[in-house]
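Working notes, structure below.
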Amino acid sequence: MHVLTGAYAVDAIDDQAELRRFERHLRRCQQCAGEVRGMTETAARFGFAASQPAPPGLRDRVLESVAKTRQLPSAANRHRARRPARPSQMPRLGWVVAAVSLVLIFVLQIALLRAHDQLNQVRSRQAALTAVLAAPDARAVTAPTSAGGQATVVYSLRRHSLIVTLAQLPSPPAGKVYELWLLGPHQVRPAGLLPAGNRSRSAPVLVPGLISGDQLGLTVEPAGGTSRPTTTPILVLPLRG
Amino acid sequence: MRPAGAGPGLPAGRDRDLDGLLSRVARGDESAFAALYDQISGPMYGLIRRVVRDPAQSEEVAQEVLVEVWRAATRFDPAKGSAVTWVMTIAHRRAVDRVRSATAAVERERRTSLLLTPTDEVADAVEAALERERVRRCLEGLTDLQRESITLAYYGGHSYREVAGLLGITLGTIKTRIRDGLIRLRDCMGVT
């Protein structure tokens with residue numbers, strides 16, 4: 001039984017009866033529970049190594065869905081009893097200094113992590129752009145949009161990604177944005193918003209998640225974007241493999 | 001904010017940062033959830049993508065997991081492990097569920113392709129370099145059999161029975177190799 005801790009931590013027990021037996025054992029065996037915990041944490045760090053940027057558009061859809069989802073009632077009534085009593089006298093100076101230092105360390109650490117994250121983001125974006133451009137099956141296409149201006153797309157089906165830039169595209173009407181779409185034979189997926197700004201040429205947008213048979217679409221949508229196109233596309237560009 | 005050093009096995013500030021965010025999420029704070037999303041979506045999506053492979057399906061699973069994190073944040077118990085581990089565990093479990101419910105034919109095909117493609121082909125360009133380097137170094141300390149068993153089970157989403165079949169090794173040996181390997185990885189990565 002004990003030897004199953006590893007398989008359990010990586011979700012590799014598929015026999016339901018065996019899984020239930022092991023979980024029963026786990027409740028009685030302190031040592032196994034400790035081992036499983038360490039292994040689960042190890043597996044999570046192992047998972048971190050596979051990190052890659054989530055598809056654009058997912059964030060908005062998740063946040064939209066979360067705003068409509070009720071949270072489970074808390075299971076932790078036990079915390080209520082443990083709330084510490086209010087201290088009856090002024091805390092001593094040493095404690096104040098210690099607390100302030102802790103807060104300061106915490107804040108600095110967050111700032112450092114942010115900077116580090118930003119650097120990593122720039123690096124991985126750079127690497128992702130290069131990967132598409134250098135892919136052996138990379139192709140480039142250009143096409144005018146019906147609103148004026150021209151789209152240039154470099155795509156690689158092997159890398160499942162495309163890069164798009166737009167030149168001379170008029171600014172969207174007030175309160176509107178340009179939104180990109182991957183138009184598959186069975187599914188339409190949002191592919192991110194076109195960054196506002198320089199109208200002579202937009203910054204390149206990297207769109208992951210490209211599958212064979214997809215076309216690239218561009219529509220005008222309300223600010224913030226939508227999860228489904230609501231207007232006629234001003235550009236539909238087939239991306240042949 | 002939780003005091004420093006609360007809870008076992010929390011190595012860096014990042015973990016504690018996420019723990020703090022998650023406890024705000026548990027109180028229904030949507031902006032804390034957005035901040036949590038920004039920190040965790042990459043690692044979580046990457047892991048799901050590694051297991052599920054298909055981008056559209058991976059995105060569906062990722063969305064399910066993230067909404068589940070919001071819904072169940074109230075049940076998160078920091079005494080049992082870090083927020084990162086909690087989220088990644090949910091993500092892995094859902095990804096594996098998705099893969100196992102696929103038809104036998106698709107499963108067979110996927111299994112073959114898994115053995116043929118180098119494991120890091122697709123995600124190569126965008127992987128988190130530092131963590132990856134550390135994991136790689138630790139993986140090098142394992143025997144080939146330990147390494148393959150863990151990779152097939154964790155990234156491949158295979159059950160230990162399937163891993164035994166793929167590697168042509170007895171069930172007893174596979175169970176032991178996965179466990180030994182994880183213990184060695186744990187010690188190498190400094191998880192306590």
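Keep in mind the model is a prediction, meaning the values are calculated, not measured. Here is how names work: the chains are called A, B, and so on, in the same order as the sequence lines, proteins then strands, and each is numbered from 1.
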B:W70 (side chain) donor-acceptor with A:T69 (main chain) under 3.5 angstrom = yes
task = Evaluate the side-chain proximity of B:Y45 to A:P53: yes if any heavy-atom separation is below 4.5 Å, no if none is.
result = no
request  = Kindly determine whether B:E59 and A:R61 satisfy salt bridge (Lys or Arg N to Asp or Glu O under 4.0 Å), including the steps that lead there.
outcome  = CA-CA 11 Å; B:E59 194 172 337; A:R61 257 170 302 145; 2.6 Å; yes
task = Pick one of side chain, backbone, both or neither for A:A33, based on which atoms fall under 4.5 Å of a heavy atom in chain B.
result = neither
message = Between B:R186 and A:E35, does any side-chain N to carboxylate O distance fall below 4.0 Å?
response = no
query = Distance from B:D17 atom CG to A:I110 atom CD1, nearest 0.5 Å?
reply = 4.0 Å
message = To the nearest 0.5 Å, what is the distance between CD1 on B:I40 and CZ on A:F48?
response = 4.5 Å
remark   = So, the part of B:E60 with a heavy atom under 4.5 Å from chain A: the answer is side chain
task = Identify the two heavy atoms, one from A:G47 and one from B:L47, that lie closest to each other, and give their separation to 0.1 Å.
result = CA-CD1, 4.0 Å
ask   = Just by modelled atom types, is the A:A43 backbone N or O under 3.5 Å from a matching donor or acceptor in the B:Y154 side chain?
value = yes
inquiry  = Using heavy-atom distances under 4.5 Å, tell me whether B:A91 contacts chain A through its side chain, its backbone, both, or neither.
reply    = neither
Presence of salt bridge, B:R161 and A:E18, under 4.0 angstrom = yes
ask   = Less than 4.5 Å apart, any side-chain heavy atom of A:F46 and any of B:L139?
value = yes
task = Against chain A, label B:V25 side chain, backbone, both or neither, depending on which of its atoms sit under 4.5 Å from a heavy atom there.
result = both
note = Output for pair (B:S159 OG, A:D11 CG), nearest 0.5 Å, gives 11.5 Å
ask   = Is it the backbone or the side chain of B:D180 that comes under 4.5 Å from a heavy atom of chain A, or both, or neither?
value = neither
query = What residue in B:R93, B:R71, B:E30, B:M88 has the most heavy-atom pairs under 4.5 Å with chain A?
reply = B:R71
query = Which heavy atom in B:V135 sits nearest to a heavy atom in A:A49, and how many Å separate them?
reply = CG2-CB, 3.9 Å
inquiry  = So which atom in A:V66 and which in B:F33 form the shortest heavy-atom distance, rounded to 0.1 Å?
reply    = CG2-CE2, 3.6 Å
task = Could you grab the distance from atom CG of A:L4 to atom CD1 of B:I178, nearest 0.5 Å is fine?
result = 9.0 Å
key: Closest non-hydrogen atom pair, B:A26 against A:Q71   = O-OE1, 3.8 Å
query = Looking at A:P55, A:G184, A:S65, which one has more heavy-atom pairs under 4.5 Å with chain B than the rest?
reply = A:P55
A:L58 versus chain B, the contacting section by heavy-atom distance below 4.5 Å = both
remark   = Rounded to the nearest 0.5 angstrom, the CZ-CD distance for B:R49 and A:Q52 is 5.0 Å
Interatomic distance, B:L185 atom CG to A:T42 atom OG1 [nearest 0.5 angstrom] = 7.0 Å
Beyond-backbone contact of B:H158 with A:D14, side-chain heavy atoms, under 4.5 angstrom = no
query = At their closest point, which heavy atom of A:R37 faces which heavy atom of B:A79, and how far apart are they?
reply = NH1-O, 3.2 Å
key: Side chain, backbone, both or neither of A:Q187 within contact of chain B (heavy atoms, under 4.5 Å)   = side chain
key: A:R59 backbone acceptor or donor facing B:Y37 side chain under 3.5 Å   = yes
message = I want to check something: taking the side chain as every heavy atom from C-beta on, are A:M39 and B:I183 in contact at a cut-off of under 4.5 Å?
response = yes
task = Counting only heavy atoms closer than 4.5 Å, note whether A:H2 contacts chain B via side chain, backbone, both or neither.
result = both
ask   = Any idea which heavy atoms bring B:L182 and A:A9 closest together, and the distance?
value = CD1-CB, 4.3 Å
task = Answer yes or no: is there a side-chain heavy-atom contact under 4.5 Å between A:V10 and B:Y160?
result = no
inquiry  = Any side-chain to backbone donor/acceptor pair from A:S51 onto B:G46? Under 3.5 Å, distance only.
reply    = no
request  = Check the pair B:R134 / A:R45 against side chain to side chain contact (heavy atoms under 4.5 Å, CB included), numbers first and verdict last.
outcome  = CA-CA 10 Å; B:R134 189 149 70 122; A:R45 310 214 149 257; 4.1 Å; yes
